[in-house]
Structures are given as C-alpha cells and as structure tokens.
Amino acid sequence: MDTTARTTTVEQGAARTGGTDATPSLAKASGSMAIATLVSRITGFFWKIVLGWLVGVNVVGDSFTVANTLPNIIFELLLGGVLASIVVPLLVRSQKDPDGGAAYTNRLLTVGLVGLAVGTVIAVAAAPLFTHLYVDDSTGNANADLVTAFAYLLLPEILFYGVFALLSAILQARHVFGPTAWAPVVNNVVILATLVTYSLVPGKISLDPVSMGDTKLLILGVGTTLGILVQAVILLPSLRRIGFRFRWNWGFDSRLREFGGLALWILGYVAISQIGMVITQRVLTAASAGGALIYSNAWLLFQLPYGVIGVSLLTAILPRMSKSAADGDTQRLVDDLSLASRLSAVMLVPISAVLTITGTAIGVALFTGGETDLAEAQRLGYALAFSAFGLLPYALVMLQLRVFYAMKDARTPTLIMVVMTLVKVPMLYMCAQLVQSDQVVIAVLLINSLTFVVGAVLGQMWLWVRLGNLHSKKIIRVIATTVLAGGVGIAAAWAVTRFALPELDSRFAAWVTLTVQGLVAGSVAFGVLVLLKVPELQPATRRITRLVRRR
C-alpha cells in the first residue's frame, strides 16, 4: 500500500500533457495498480503475521495495534477523509485554469500542511486522552500505560500520512497512479526490517512499570513511524517528473470556500464513523486479551481482495466520474457506476465464498507459531469466515461515496453514516453482553459486515433519487447470480472438507485444507458464472489475464 516507481506509458503521457489530455482506460489504469496493490497488501499482511509470531496475540500486541490505529483515525479526522474524497475532483476541475491549476494546488497544499502540522503536535500532547477514550482497561485485559507509550511514538505518523495523501492526490489528478500504489510497499519493507531488529534485541517489553526508554518499545514505535515517512518521501521524484514544484501560497481563492464547505461535511462523516470505532475498540479491549489484534488482522485479510480489486478500480474511476460530474454528463456517470458495481460483484462475491469456507484454515495456516497458539489462530479464522459476506457491500459503499463526492455532495454520505452508526453501536453493546468474551471479536466483525449491507442499500436508494435510472435491475441480477455461484462453491468445498480433509490441528493440515478448499470453492464458483454466461465475467477475465502476462 513499487518494480518500483517506474514511469508507465500513462504517466509519461500525463507528464507531457499536464494530465489534462491523457486519460488512461479504466481497465489499463486499474490493472496496473492491481499488481502494485497486490504486492502492497501481501507485504503489509506479512508484517502483521510476523508481528503475531514475534509479539503474540496478547496485551503487548493489543497495545501496539490500538496505538497504531490512532494516527490513522486522527489523520482521517483532520484531513484524510477530505483528501481521499474531494481533493482529487477539485484538482481535476482546477486544471482548466490558465496555469493548469498550479496556484490552486499550492494553496490547498499550504492549508493542508499547516493544518496537519498543528494537528500532529496537539495529538501527540493528547496521547493519554486518546488512550482513555479508545481503551477500556476496567477488566484488566488491557494496559493503558503501554498503549500511551506506543502512541507517543506513533502519533507523529499523522503528518507523514497527510503529506503522502496530499502528494498522492496531485499525482492521481494527473492520472499518475503507479507511484502511489507502490510507495506503501517500501513502508512495509521498513516495518519488516524493524520487526527483525526487534527480535534480535534480547528481553521483553516491560509491562509493569512501562518505560519510555525500553529499547524494544522504542525500536517498534520509531521504526514503524519511519516507514510512513519513507512512504511519503518516495513520491517526490514522481512529482518532479510531472513538472510540479511546490511553493507556499497564502493567497485566497474563492474555491477554497467550496473546499471548506465540503470538508466540513466530510469531517462530520469521519467523526461519526469514529464513534463506531471507539465503541468497537472499547468492546474489544474489555472482552479478552488479543481481541484488538485479531480484529486488526482479520480486517486486513478482509480488505486484501478489496484492496487489489476495489481500490484499484476506485482510484482509476474517480477522475473519470469527477470529469463526468463537472461536465454534467449524468449518463456517463451512471454508466461508470453501473460498470464498477457489476465488475465488483463478479470479482468479489466468489472471493467472499472462498474466504467463508477457508477462513479457519487461513487463520491456522498463517498465524499459528511463535507467540500465537492454535486456539488464537482459529479464533482469527472464525472472525474472517463470519464477516466475509460483507466484502461486496463494503466495496459498493466505497464506490457510492465516490459518486456523491464527484457530484460535490458531501452531505448525503454523512447522513448515511449516521444511519449506519445508529445500527452498529447498539449491536456492539449487545454482543458484549450476550456473547462469550473470547467470541466477541467474531461478533464484532459480523456486525461490521451487516452495517455495510445497510450502507450499500441506503446509498443505492439515495443515488436513484438523485440520478434516476441506475441500471439497478442489471446490477441486482449480476449480484444474485454471483451469490448463487458462490453458494454452490461453498457447498462443494464443504462436501470435500467433510469427507476428505484432515482436522485443523496443525499448520501443515491447515495448508492442505486451505489449498483444497480454495481451489474447489473458487473453481466451482467461477465455473458456475461461466456456465451461466455472465457477460461481466469476460472483462474481469481479460483484466486477470493482462495481469498474469505482465508478471
């Protein structure tokens, strides 16, 4: 989340034209990013596995995981949601300026950098308050002091996340996608090197008392932050190649008022979503040790296929939708939405089926070992299996949000998030009371997926009101067909498991089960789609074939 930041043909065209005339095809742009994103997700996932092996599913692992989510959360509150949602559309529009949008871009950068710097300083100073908010240590299953110590070292990431997001927005507005997709791979490599260093230092992190001078604590915290810094810095050569030069620009542009109005609604969206995150973390840390780390790893596994397919598709399609919205071309906007929805269904629903049947095997195969025992690995696998059905709804929610933002409507996504949060929070508290403590994390991830279903339905209905005919019947038909195919795949894999596969009592048995179940469920699901002659399967297959040939 990088062959490295090599300039592709698309990027070279953007550099020559300033990005205004060179618009790559959706399939080509998303296909190129899919490889980079796949490598990024795999390396990111691998360092999480190594973290589990070396640190364990315990209080230390939970403390690092919770503290490491704080920079992301606060960055989103400060600027992250705004940058990801509305900056690219605004930068695309500014390219029609006589200077190609240079002055407007520099104004946005100036405001963004100053806001991030101030916010980062305040966040670091307030680290104990954030710990108190996100961690419930009343049951003795969490260590608030250790979370705070990690937070002091990790919260400076806010500034570097912001720089990366700002620079990425500039590149994406010029249709330069490669460097931003490859840069996180470098971050993951730095973190892996940090974990290796951590393992070579003798001793363990002290829990009582917690010491900021603890060598292993410093290595883990500083090394992780260094990775985010490197991720941002690596984009600078690509900016020079497209001819961008940053200059502080404190002048006023009337469009900044438009930016501010949209930003307030985005911040409201993020703030409301964080209510759900706060409750989630408190429920997890109070239930049982290791719950926060299991949640984080299961969520990462959940997002792996979305990151390769969904993010690549969204990043490539956002400039197109922004241009259609700016030109008032509603039909083209709807066509892009419909195409992206149907392609997402064809590619993601069969993968959801595979994750559902192989979830437990994945947990045992990948996480058993070192400081993580079989029971904890199985618990992670169950959490993944029970939540896998939410993969497509999650992708649809993210796609729908981009459509609203392309139309400069930040209010509607915020209202949808209000409804999703009102559904989510009561269920979180219910599961904390009704479910056994070691099973709470499974229930929490199940609730997450149910919430995405609610959000996807609401978003589709709201867009129908705004845009009219969304080709909904065609989308529903494709989704229903893929669900049927996925169900047949699950049934076939279950039958093989029931009569031919060993018990999941070792890593070797888990790898055998994972391989067989994955092949059977995936082959049968996609085979059913072929037999039913789903038309959207052909462009999806072409994309996969292109990726294989490139490799």
Side-chain angles (χ1 to χ4, degrees), residues 298-299 301-306 308-310 313 338 340-365 378 380-397 399 442-443 445-457 460 471-501 504 510 512-541 543-544:
W299 177 247
L301 281 165
F302 176 92
Q303 284 198 314
L304 179 59
Y306 169 74
V308 174
I309 297 169
L313 193 62
S338 176
S341 299
R342 287 178 280 120
L343 288 178
S344 296
V346 167
M347 291 185 284
L348 293 178
V349 171
I351 295 174
S352 292
V354 172
L355 292 177
T356 299
I357 193 66
T358 63
T360 308
I362 289 173
V364 175
Q378 287 178 329
L380 190 153
Y382 292 143
L384 176 63
F386 274 88
S387 62
F389 72 90
L391 184 57
L392 177 61
Y394 176 74
L396 293 179
V397 168
L399 175 63
I442 301 172
L445 281 157
L446 175 65
I447 289 168
N448 273 0
S449 291
L450 289 172
T451 304
F452 295 139
V453 173
V454 173
V457 173
Q460 192 73 7
H471 312 313
S472 297
K473 290 182 179 179
K474 187 184 297 185
I475 295 171
I476 293 172
R477 183 167 59 250
V478 171
I479 291 176
T481 303
T482 55
V483 168
L484 172 64
V488 175
I490 290 174
W494 178 85
V496 173
T497 304
R498 178 70 175 80
F499 298 105
L501 294 178
L504 292 177
V512 172
T513 300
L514 171 59
T515 303
V516 174
Q517 287 180 336
L519 287 174
V520 172
S523 300
V524 171
F526 282 108
V528 171
L529 293 178
V530 171
L531 290 175
L532 295 177
K533 298 181 180 180
V534 177
E536 287 76 13
L537 188 63
Q538 186 175 359
T541 305
R543 182 172 305 168
I544 295 171

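What you see is a predicted model; the values in this text were computed from it and never measured. Here, residue 1 is the first one in the sequence, and each next residue gets the next number.
- Atom OG of Ser387 and atom CG of Asn448 lie 8.0 Å apart (nearest 0.5 Å).
- For the atom pair Ile442 CD1 and Leu380 CG, the distance stands at 9.5 Å (nearest 0.5 Å).
- With a 4.5 Å cut-off on side-chain heavy atoms, Thr497 and Gln517 count as touching.
- A distance of 7.0 Å separates CG in Leu392 from OG in Ser352, rounded to the nearest 0.5 Å.
- Val354 is not listed as a side-chain neighbour of Pro305, based on a closest heavy-atom distance of 4.5 Å or more.
- In this structure, Phe389 and Leu446 have side chains that are in contact, with non-hydrogen atoms separated by less than 4.5 Å.
- Counting heavy atoms from C-beta on, the side chains of Pro350 and Leu529 come closer than 4.5 Å.
- Under the 4.5 Å side-chain criterion, counting only non-hydrogen atoms from C-beta, Arg342 is not in contact with Val534.
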**Study point:** Leu301 and Leu355: CA distance, side-chain angles, deciding distance, side chain to side chain contact (heavy atoms under 4.5 Å, CB included) verdict
**Key:** CA-CA 9 Å; Leu301 281 165; Leu355 292 177; 6.0 Å; no
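- When every heavy atom of Ala298 is checked against every heavy atom of Leu445, the shortest pair comes out as CB-CD1, 3.5 Å.
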Result block: side-chain N/O donor-acceptor pairs under 3.5 angstrom for residues 476-494, not counting sequence neighbours:
residue	atom	partner	partner atom	Å
Thr481	OG1	Arg477	O	2.8
Thr482	OG1	Val478	O	3.1
Thr482	OG1	Ile479	O	2.7

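- Heavy-atom minimum distance, Leu504 versus Ala510: CD2-CA, 3.5 Å.
- Annotation: side chain of Ile447 is in contact with side chain of Thr451 (closest heavy-atom distance under 4.5 Å).
- Annotation: the span from Ser341 atom OG to His471 atom NE2 amounts to 10.5 Å, rounded to 0.5 Å.
- Counting only residues at least two apart or on different chains, no side-chain hydrogen bond (donor to acceptor under 3.5 Å, both in side chains) pair has a member in residues 356-365.
- Within a 6.0 Å sphere centred on CZ of Phe386, other residues, nucleotides and ligands contribute 12 heavy atoms or fewer.
- Considering only heavy atoms from C-beta on, Tyr394 stays 4.5 Å or farther from Ser449 through its side chain.
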